[in-house]
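Heads up: the structure comes next, in structure tokens.
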Amino acid sequence: DDGMISLLFTGQDGEAGRASFERAIVALKKALPEGYTLTAQKYNSENGSMTFKIATPEGKKTDETIIKKLVDAAKSAIDKK
């Protein structure tokens with residue numbers, strides 16, 4: 001989609017996975033640049049996959065540095081024990 005960033009991560013399943021998913025949501029919200037919003041997040045407890053959808057500001061190009069910043073923020077939150 002235009003104006004949408006989708007991120008997919010694989011974490012742990014079960015309770016540990018849910019906890020890392022919750023941490024990733026908080027980290028992503030903190031890392032979002034002004035005008036970007038987390039529009040959807042989904043956790044699959046069977047395989048530990050996490051999906052996040054982020055809306056970008058209208059008419060704004062998303063550059064790689066923003067995506068890298070968001071990926072790094074989520075990954076560090078997911079990797080915490």
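Keep in mind that the numbers below use all heavy atoms, side chains included, and drop hydrogens, waters and symmetry copies.
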Stepwise side chain to side chain contact (heavy atoms under 4.5 Å, CB included) check, T10 with N47 = CA-CA 8 Å; T10 305; N47 63 13; over 6 Å; no
Does the pair S49 and K42 meet the rule for a side chain to side chain contact (heavy atoms under 4.5 Å, CB included), with working shown?
-> CA-CA 8 Å; S49 68; K42 185 175 168 215; over 6 Å; no
Paired with I67, the side-chain contact (heavy atoms from CB on, under 4.5 Å) test is passed by just one of T65, D63, V71, namely V71
Value for CE (M4) from OG1 (T62), rounded to nearest 0.5 Å, stands at 10.5 Å
Less than 4.5 Å apart, any side-chain heavy atom of T51 and any of S6?
-> no
Roughly how far, to the nearest 0.5 Å, is the NZ atom of K29 from the CD1 atom of I54?
-> 11.0 Å
Would a distance-only check, ignoring hydrogens and angles, find a side-chain to backbone donor-acceptor pair under 3.5 Å from K69 to A31?
-> yes
Distance, nearest 0.5 Å, that separates NZ of K30 from CG of L70 | 14.5 Å
Indicate the atoms forming the closest heavy-atom contact of A73 with S76, along with that distance.
-> O-OG, 3.1 Å
Taking the six-membered ring for Trp, are the ring centroids of Y43 and F9 within less than 6.0 Å of each other?
-> no
Rounded to the nearest 0.5 Å, what separation is found between the CG atom of L7 and the CG atom of L38?
-> 9.0 Å
Shortest non-hydrogen pair, A55 vs T39, comes out as CB-CG2, 3.6 Å
Here the gap from I25 atom CD1 to F52 atom CZ, rounded to the nearest 0.5 Å, amounts to 5.5 Å
Pairing of D72 and K68 as salt bridge, 4.0 angstrom limit | yes
Which value, rounded to the nearest 0.5 Å, describes the distance between Q41 atom CD and K53 atom NZ?
-> 12.0 Å
Check D13 against S45 and note the closest heavy-atom contact, atom names and distance.
-> CB-O, 3.2 Å
Are the side chains of K80 and R23 in touch, meaning some heavy atoms are under 4.5 Å apart?
-> yes
Closest non-hydrogen atom pair, I78 against G11 | CG2-CA, 4.3 Å
Under 3.5 Å: donor-acceptor pair, side chain of T56, backbone of Y36 = no
